Enquirer: 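I am attaching a structure below and will ask some questions about it afterwards.
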Amino acid sequence: MLSLDPYKIDLPVVAIFDEVKAVLKEENTLIVNAPAGAGKSTLLPLVLMNEDWLQGKKIIMLEPRRLAAKTIALRMAQLLNEKVGESVGYRIRFDNCVSDKTKIEVVTEGILTRMLQSDNAIENVGLVIFDEFHERSLFADVALALARESQQVLRPDLRLMVMSATLNLPVLSSLLKSRVVQSEGRQYPVEIKYDGDTDLMMLPELSARLVKKIIQNEDGDVLVFLPGEGEIKKCETILKRTLKGVLVYPLYGQLPPSKQMAAIMPNREGKRKVVLATSIAETSLTIEGIKVVVDCGLSRTMRFNPSTALSKLETVEITKDAADQRAGRAGRLSPGVCYRMWTKATHSRLREHRTPEIIEADLASLVLDLAVWGISNPNNLIWLTPPPKGAIAQATDLLHQLEALEDGRITSHGKAINQLPCHPRIAHMLIMAQEEGLTELATDIAAILEERDPLGKEAGIDINLRIEALRKSRKGLIGNKILSRIEKVAGQYRKMLNVEIDNSNVDPYETGLLLVYAYPERIAHAKPGNNAQFKMANGAITAAGHKDDLAHEAWLAVAHVNMRDSVGKIFTASALNPRDLAPMVKEKDQVEWDTKRGGFSAVRNLCVGHIILQSKPLQYYDEALKIKAISSAVSKEGENLLNWDKEVIQWQNRVLSLRKWNTDEDWPDVSTSALLESNEEWLSPYFNSVKKPEDLKKINLKEVLQHHLSFEKQQLLEELAPEKIEVPTGSKIKIQYHANGEVPVLPVRLQEIFGWQDTPTVNKGKVSLLMHLLSPGFKPVQITGDLRSFWSNAYFEVKKELKARYPKHKWPDDPLNEKPNRK
DNA sequence: CTCTCCCT
């Protein structure tokens, strides 16, 4: 029983108790929109725990963070006058506290996915609550999609309640086809001041300057949002040097807990406080007594690139809802002010809602989770934001490589991978290590790979140094926060795989072998001339520092790498024994055309992915492959490779003109682009004897093209669009056709056509030629499309001019009865 | 100059 009447608690959410109860009695889905501080997370589950429709089943509430899950469960238990683990419990990684009596379980996201996996129908659950859904974490999105599927297919009575502070409500409510219950928050007004745009390079200086101004002109403590540790440290140095009598605290995730507490704890008497924080202060940590927020408008996020299968950290503009949430931190206890380091104009073009993690995350685990559920095509689920196709394809590919999937279906190996609480690559390594007898080592590597680097980058790239550090820390010789977290994770793997601690010396080759299981595409081979550069099996070039211990190894097994530049940077790797690569070496015949390297070649390569170990000329190869290779080169660079001369172009233009004029006659598209694209069809029979680029030049293109037309069409072409036309002197003069079917041009000297009454034509008299009339010296004198009118009008003007310039020629008054001449 | 946050 509750220790007090929940309706008498002084929190805004009390006002919606009855409405929430009423909706959930009738409907199975509900959205609750309540800002921070409304009291929804603690009170709503308690008010609902005895509803009839639950039929004695449990309430599961999903929290994005372990600490939040634990403290919320604790508060609820206090309100019930109980201990945690009785009516209210929690389940998080490394720690759970539930019993048979538990009716409300607060769990973190990974746990819910696990629950849905072991029992698709979650039979003993009556209500799932998604708290802080606006954070749009990957797991929350997946869990909602799966819970929804379960509700529709197996459990129509299962209730879902989505709770969120700022959210794209219309989209969510139309997707879930559910009602929205709105709660007030407890928030004081925050005045927004736009302080003009900044640039990233000057951020520490500019934000420090702004803070100094605020300290002089405003009351209360100040919270500054900066993108990362680097900016925070620089800003801290400036402020400590220039601001006297003010306490400055940094606050970010990597800080030891005692220093985090110092920043969060209420102010020491008499002194004002400035906290410089990352986005950690947006949601995870609350600082008491803040009256002024300074927001730089940037944050760092991890983005996964499916084409390289790598994640990298990027600095991005925050969205409007995140900016509002940051500003809200100034109005928890009294009215406040928020300075935004951007302009109103910049603000208007910011995106409304934060990017859901599913858009830019590595989806390997997601695809595997769905496969375990029996869903091979993620599009079959209803998503608030569908996962991107490229990332799904990359994940599916990888899972096939790891043999977790076969033809899109989960394998028994895939199920085993899914049982382990880590990325599928690492789970695959852990399982394969059992066969190699290297499980102990693998548990250490797995834990190191998923946590931050416990040594600085000054330690070099050798991952074996990290393993040794972990082993020393277990012997109590050294220690730090990261190492103890790594050991916690390693311990969980040891327990699951049933092995003991191994603190012996490490054999780097064993490490290398294991890393290859996790990252097969990152096997790296020293480039010739070894300047610490390596080519990886996926084709990318990477480098180690010149002085690194591993810089002169022939082979590396690379774990983490950054590919921001064209030559990537290796962060962690191990030496690799080439003998361990034997099973991965594949014989690949390469039949290709490379114009720069002299044309055609056929070789047999021994390779590991893109790394070529050995290359020998190939005596016998499939002729069809050769044709394909040349043809594909021709389609790309054919205009330069072939002898594409004026003759060919004239022939193309003749056919193309007829294609334009006589649409009923079915003339083929012989434009250059069409011909190059279809070259395999019409040109490839001539490739047999081709070896070098010169051989391609020797092909008589016009002849080949001519023959590609049917005999009838060849004849028709000569008849309708002849290459040349005979003029009265008997000269055969070339007609200039155009590709677009424009009127063809006949350039001819005037004296050669005396006696020609009418304009000459082609295409059975349907197309008159445009005459370019020339002087005896082939200079243009007149253009006409109507010869008859020329003779009776313009001719007399032209005659005068020509007579002056060419007095020895005959320029008759009656040109139609004059004999033409070629003189 | 890699280092935001978080989860099984």
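Protein chains get the first letters and strands the later ones, always in sequence-line order, with residue 1 at the start of each. Only a predicted model underlies this, so the values are computations on that prediction, with no experimental measurement involved.
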Enquirer: Determine the contact category for E109(A): base if any of its heavy atoms lies under 4.0 Å from a base atom, sugar-phosphate if only primed atoms, P, OP1 or OP2 are that close, otherwise nothing.
Expert: nothing
Enquirer: Expected output is a numbered-order residue list: members of residues 299-312 of chain A with a heavy atom under 4.0 Å from any atom of DNA chain B. What is it?
Expert: R300(A), M302(A)
Enquirer: With V98(A), which residues qualify under side-chain contact (heavy atoms from CB on, under 4.5 Å), at least two apart?
Expert: R91(A), T102(A), E105(A)
Enquirer: Taking 4.0 angstrom as the limit, do K488(A) and D95(A) come out as a salt bridge?
Expert: no
Enquirer: Quick one: label R65(A) by what it contacts on the DNA or RNA (base, sugar-phosphate, nothing), any heavy atom closer than 4.0 Å.
Expert: sugar-phosphate
Enquirer: So what does T278(A) touch, heavy atoms closer than 4.0 Å: a base, only the sugar-phosphate, or nothing?
Expert: sugar-phosphate
Enquirer: For the residue pair Y517(A) and H428(A), does the interplanar ring angle fall in the parallel (under 30°), tilted (30 to 60°) or perpendicular (over 60°) class?
Expert: perpendicular
Enquirer: Categorize I92(A) for me: base, sugar-phosphate, or nothing, with a 4.0 angstrom heavy-atom threshold over every strand shown.
Expert: sugar-phosphate
Enquirer: Starting at the 5' end of DNA chain B, which residue's closest nucleotide do you reach first, L251(A) or C422(A)?
Expert: L251(A)
Enquirer: For R75(A), check side-chain contact (heavy atoms from CB on, under 4.5 Å) against everything at least two apart and list the hits.
Expert: T42(A), I72(A), Q78(A)
Enquirer: What pairs of residues pass the side chain to side chain donor-acceptor pair (under 3.5 Å) test when at least one of them lies in residues 451-463 of chain A, not counting sequence neighbours?
Expert: E451(A)-R485(A), D453(A)-R466(A), D462(A)-N464(A)
Enquirer: Checking T198(A) now: which residues fulfil side-chain contact (heavy atoms from CB on, under 4.5 Å) with it, not counting sequence neighbours?
Expert: L203(A), L206(A), M341(A)
Enquirer: Go through it in stages, so that I can follow the logic: the residues are S137(A) and E109(A), the test is side chain to side chain donor-acceptor pair (under 3.5 Å), and I'd like the CA-CA distance, side-chain angles, deciding distance and then a yes or no.
Expert: CA-CA 9 Å; S137(A) 74; E109(A) 294 171 335; 2.7 Å; yes
Enquirer: Base, sugar-phosphate, or nothing: which does I280(A) touch, judged by heavy atoms less than 4.0 Å apart?
Expert: sugar-phosphate
Enquirer: Going 5' to 3' on DNA chain B, which nucleotide is the first and which the last to come under 4.0 Å of a heavy atom in chain A?
Expert: dC1(B) to dT8(B)
Enquirer: For S137(A), which contact category applies under a 4.0 Å heavy-atom criterion: base, sugar-phosphate, or nothing?
Expert: nothing
Enquirer: Within a radius of less than 6.0 Å around CG of D548(A), do more than 12 heavy atoms belonging to other residues, nucleotides or ligands occur?
Expert: yes
